[in-house]
There are 2 protein chains.
Amino acid sequence: MAMAEREAGPRPGGRSARVQASVHRAARDLLARMDRAAVTIPLIAAEAGVTPSTIYRRWGELNELLADVAVERLRPDMVPVETGSGRGDLLAWAEQYAEEMSSGIGREMIRDVLAAEGETGPRRCCSYARQQIAVIAERAAARGEAFPDIDTVLDRVIAPILFRILFDEALATERVGGLVENAFTAA
Amino acid sequence: MAMAEREAGPRPGGRSARVQASVHRAARDLLARMDRAAVTIPLIAAEAGVTPSTIYRRWGELNELLADVAVERLRPDMVPVETGSGRGDLLAWAEQYAEEMSSGIGREMIRDVLAAEGETGPRRCCSYARQQIAVIAERAAARGEAFPDIDTVLDRVIAPILFRILFDEALATERVGGLVENAFTAA
DNA sequence: CTCCAAACGCAAAATATTTGCTTTTAGCGC
DNA sequence: GCGCTAAAAGCAAATATTTTGCGTTTGGAG
């Protein structure tokens, strides 16, 4: 897989990038140590050592900034573990995914991403999942195994997991196995 | 099915209920005729003929109010059409559901519901879907047909529809049929 | 090195939010 | 019907936030 393009910042290393980094860090720190509703742009600005207007001009509003931060935190940082089979890989990965997303902080991040104006945040999250699944699918293909379409996995595994987290109660981890099984039944 | 409890307002008919009604109406009107980002609490208050503090005290913040309005608009107002079979009923209902939710306004409403603090809004939306599916399921049972669990329908039909709307691109209506088929395959 | 455009800081102005206190209102017992 | 009461709304002052105009800094290109 090719090196990912640099995603957010303008030219790397410039002042702009430094400000973005410190604002992101400030936001993460504040979210970690205080109630989400109490986090405001002036607060983040103070913590980051910049003026509020800098943040307003760059992000527009709190939601956009938090969504930006959340998308970055949702970016997968490791390749899916290998278990010996595509089915096992998918199960292991999906269970961990469900676990992470069900946590209070995970849920908050998803909501932050969805609350922002544009659709690029949600799309990016979707493509992160796609990438991870593609890695598993390619490994399975290399072994000559059958493996479902990525879109099938999205519909039958990822969608139910996120749906339950967002609209109902988080899925028990045991139920992920059933979802994975269903993804492997012929479409 | 029993008459639903009155959901939102305090005592019916009181001043409180009138204020709630006019604020809801004002919010809907404003959302219809101007950009979502331009709608503010002072604006809604003026339109509704109340003071902003009334809204702040009752709803706390714009998101909560908009979520409240959205949940109300998402409440189903008709019983699923009868087509002669459970499968047909589910397909017809799911297609219409996907259609409505994919529209700009539908998407906005879902996002408003998710953006609010508590989880009661999303839960309520989920239970609306559950109720509609239950009606279809009961009719199917009365005819002696096999029909999937409601949770299976949520996982295999509703979840993918909403997932695509929120995170990717809205599903083409033709694809709903495939989802319904999958719901009918043995778990 | 000098210049340019982009991004930031600063501070004043405009809006939005919070809050203490007063007034209104609907329901309740008489 | 008549007060009484608690809940909710109005009002307005105090805060907090967002927006904006303008001057300054900064990093990069020529």
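Every chain is numbered from 1 and lettered A, B, ... according to where its sequence line falls, protein lines coming before strand lines.
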Review point. Just to confirm, is there a sub-4.0 Å distance from OP1 or OP2 of D:dT25 to any side-chain nitrogen or oxygen of A:R15?
Key: no
Check your understanding: Who are the ring-ring contact (aromatic ring centres under 6.0 Å, His included) partners of B:Y97, not counting sequence neighbours?
Key -> B:W93
Revision key, fill the gap. Students should find that the hydrophobic cluster of A:V79, defined by side-chain heavy atoms under 4.5 Å apart, otherwise consists of none
Practice item. Mark up nucleotides 11-21 of chain D, 5' to 3', with B wherever a protein heavy atom is under 4.0 angstrom from a base atom, S wherever such an atom reaches only the sugar-phosphate, and - elsewhere. Key: B-----SSBBB
Check your understanding: When you match B:R18 and B:A38 each to their closest nucleotide on DNA chain C, which lands nearer the 5' end?
Key -> B:A38
Exercise for review: Output yes when B:R143 and B:E82 qualify as a salt bridge under the 4.0 Å nitrogen-oxygen rule, no when they do not.
Suggested key: yes
Point to revise | Cation-pi geometry met for A:R87 and A:F184 (6.0 Å, 45°) | key: yes
Review point. Between A:I55 (CD1) and C:dA7 (C1'), how many Å, whole number?
Key: 14 Å
Point to revise | Short N-O contact, A:E169 and A:R164, less than 4.0 angstrom | key: no
Point to revise | Minimum-distance nucleotide to B:T54 side chain [options: D:dT25, C:dT24, D:dG10] | key: D:dG10
Check your understanding: So, B:R130 and A:D168, do they make that salt bridge, N to O below 4.0 Å?
Key -> yes
